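So the structure is just underneath, and the comments pick up after that.
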Protein chains: 2
Amino acid sequence: MSGQIKDIGEEGVIALARSVKYHSAKRLLKGIGDDCAVIRGAGNSALLVTTDVMLDGVHFAYEWCPPESVGAKLLAVNLSDIAAMGGKPEDAFLCLMLPENLAANWVESFFYGFNKIAQRYGVNLAGGDVSRHPDRITLALTLTGRMRRDEVVYRSRAREGDFIYVSGTLGDAEAGMTLLQAQKSTTPFASYLINRYLYPDPRLELGRLLARTRTATAMIDLSDGLAIGVRQLAQASRLSAEIEVDNIPVSEELTTFISIKNNHNHHPSQSLKPKAQSLMPKAQSLFPQEFALRAGGDYELLFTVKPENVRRVERFHLNHPELPQLTHIGTMKENKTDNDEWTNVLGNGGWKHFR
Amino acid sequence: MSGQIKDIGEEGVIALARSVKYHSAKRLLKGIGDDCAVIRGAGNSALLVTTDVMLDGVHFAYEWCPPESVGAKLLAVNLSDIAAMGGKPEDAFLCLMLPENLAANWVESFFYGFNKIAQRYGVNLAGGDVSRHPDRITLALTLTGRMRRDEVVYRSRAREGDFIYVSGTLGDAEAGMTLLQAQKSTTPFASYLINRYLYPDPRLELGRLLARTRTATAMIDLSDGLAIGVRQLAQASRLSAEIEVDNIPVSEELTTFISIKNNHNHHPSQSLKPKAQSLMPKAQSLFPQEFALRAGGDYELLFTVKPENVRRVERFHLNHPELPQLTHIGTMKENKTDNDEWTNVLGNGGWKHFR
């Protein structure tokens with residue numbers, strides 16, 4: 001095989017990983033290719049396992065992310081994978097690779113944030129490994145979960161005609177990251193968005209409810225943004241998806257953020273020194289929904305529902321007022337080979353590590 | 001908390017990790033502090049989980065370790081942790097963090113080596129995460145295992161008077177690393193030692209046998225060397241250990257390696273240019289057993305046996321000729337506060353990442 005990692009990309013590396021043959025497909029109900037691996041347990045139980053890494057400078061920034069947010073988020077993004085199957089989290093295994101000159105109280109605060117989320121969701125920190133890392137803080141977490149095997153929600157089981165829903169509002173996290181990076185956290189709308197970036201809420205209660213009531217036919221969490229999430233769910237289900245961009249739920253805070261951004265783009269002299277003006281790309285006014293389509297890091301749930309169960313979703317809030325809002329944003333369609341509609345709506349985008 | 005990671009060390013980081021409270025001690029039979037976490041399963045079953053990292057430049061070297069050896073070893077060192085509890089391995093979860101300019105065929109060869117060990121021991125690669133890493137190849141593996149709960153061998157259950165055994169021969173891996181680094185792989189004894197470094201044999205069959213027959217009262221794998229392993233087992237069991245250094249099993253190849261090393265130290269002019277002579281520390285002749293006491297990376301099993309079961313261990317080879325040699329190297333003793341004997345024999349040493 002020729003080329004470098006940046007040529008074959010994340011997908012190329014995963015394709016190589018698939019060369020490792022499964023030894024026991026009977027035990028392994030789902031391996032590579034969903035939010036969690038699903039392993040057959042005793043009786044009707046299933047063990048869920050997920051793992052996610054976070055690196056300083058790639059997934060967070062040491063300079064502007066408080067250590068307690070890094071500890072909280074590392075656990076939260078893994079919890080989000082358990083939520084996307086409909087499971088209940090159990091035990092976490094942490095690999096901490098740290099530069100030798102890192103302050104010990106960074107690690108202390110990291111565990112403070114980790115512990116807070118662990119307590120809230122009933123997770124044990126059950127093991128791990130510690131090593132020095134010569135370059136940068138490098139973290140990996142593996143998390144197990146448990147659920148009834150017949151309730152597991154895979155991303156591959158959506159059917160033609162299913163309604164597509166998303167939880168919460170989208171785009172907040174990426175806007176928050178931009179504001180945090182620019183150190184613009186003084187206004188209330190900015191604090192809200194920054195908080196959404198630093199402390200994503202794993203949608204465990206919603207995931208459990210959708211699985212237990214068998215309401216979701218397929219589900220995925222939006223770590224890399226809606227555009228990529230929809231495509232992954234559609235591809236896994238061998239369907240296409242039609243998304244009504246205008247229906248994408250956005251927060252008032254994101255709308256404020258985008259309107260300020262649009263204003264700056266139209267009147268760069270208000271915010272930029274003359275010298276920098278010529279470097280500004282000519283930006284058009286952006287709708288918050290367009291931003292939210294491609295923005296990553298929200299960790300909301302995307303799920304599909306049979307048309308006959310749609311009213312049940314609409315009524316969830318009556319019994320569970322604490323749930324995030326649930327918004328119908330599109331429909332699963334038959335997959336035609338040249339489905340321009342699908343690619344037109346979604347295109348490329350989201351967060352990618354390679355390419 | 002003041003200071004840096006290098007001041008608090010690996011132990012200090014683990015102490016901070018213990019600040020994360022266990023949510024369910026009932027489910028978690030053993031958390032931080034053994035080769036694997038042990039989680040209560042259905043009926044009499046237990047789930048084992050272990051995780052280990054490997055970084056280029058810390059745990060292996062890109063320049064002189066073939067990629068297939070890195071894939072094989074990453075899995076083998078985790079398998080060794082399952083072996084040290086007496087378990088049977090099941091599913092692996094891999095975090096691959098890779099520089100963008102790494103050759104894709106490095107990854108292809110890595111998976112070739114990984115797959116070979118996975119097939120041999122019946123392991124599924126069931127999931128993982130892929131990310132770019134700006135600096136260096138950084139790997140983390142989590143491995144699950146399964147066994148009867150009443151057969152799990154903890155490192156904390158040794159009793160006073162128990163005989164201490166070790167499998168195989170010690171010191172080979174570290175000697176092999178030295179030779180590989182110096183690119184001295186042309187002689188047969190060097191190839192043997194280098195192979196022991198690159199391709200450690202996880203002692204799964206031995207671990208299973210010791211657990212199933214309830215022969216080992218306590219067990220640990222020797223990732224960091226005998227000196228550290230004995231101390232960890234003794235501390236966990238609240239005992240001390242008396243090791244007869246002369247009884248430490250060493251290979252002929254290690255004896256050859258040490259005799260050449262001793263010879264070079266006495267006659268530095270044979271191997272070093274005059275300019276370098278003054279930089280050589282004054283070294284005394286070393287016995288292979290002294291080297292083997294502190295050398296790391298062998299991944300042999302250290303275990304304790306009740307005196308009445310010693311004859312059973314001696315007879316294992318009659319029915320299992322494929323097992324590695326098992327050598328009696330010492331005895332568990334009462335722990336006195338100022339046990340000079342223990343510290344005299346063991347001192348400090350082995351592989352440490354911090355300090």
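No hydrogens, no waters, no symmetry mates; every other heavy atom, side chains included, goes into these values. The chains referred to below are lettered A, B, ... by the order of the sequence lines, with proteins before strands, and numbering in each begins at 1. Just so you know, these numbers come straight off a predicted model, no measurement behind them.
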B/Leu125 versus chain A, heavy atoms under 4.5 Å apart: side chain, backbone, both or neither?
-> both
Side chain from CB out, backbone as N, CA, C, O: work out which of these in B/Ala17 comes under 4.5 Å of a heavy atom of chain A, or both, or neither.
-> both
Give, as side chain, backbone, both or neither, the part of [X] having an atom under 4.5 angstrom from any heavy atom of chain B.
X	result
A/Ser2	backbone
A/Leu16	both
A/Thr138	side chain
A/Phe111	both

[X] [atom1] to [Y] [atom2] distance, which is reported to the nearest 0.5 Å:
X	Y	atom1	atom2	result
B/His133	A/Ile5	NE2	CD1	14.0 Å
A/Thr51	B/Asp129	OG1	CG	6.5 Å
B/Leu96	A/Glu10	CG	CD	10.5 Å

Under a 4.5 Å cutoff for heavy-atom pairs, which residue among [options] has the most contacts with chain A?
options	value
B/Thr142, B/Ile32, B/Leu102	B/Leu102
B/Thr50, B/Val107, B/Val53, B/Ile14	B/Val53
B/Asn105, B/Val38, B/Ile39, B/Leu55	B/Leu55
B/Glu90, B/Met97, B/Glu108	B/Glu90

Taking all atoms of both residues into account, what is the closest heavy-atom pair of B/Gln4 and A/Asn101, and its distance?
-> NE2-O, 3.2 Å
Who wins among A/Gly128, A/Ala140, A/Gly43 for the most heavy-atom pairs under 4.5 Å with chain B?
-> A/Gly128
Assess whether atom OH of B/Tyr112 is packed by more than 12 heavy atoms of other residues, nucleotides or ligands within 6.0 Å.
->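 Atom OH in B/Tyr112 is not packed in, count stays at 12 or less.
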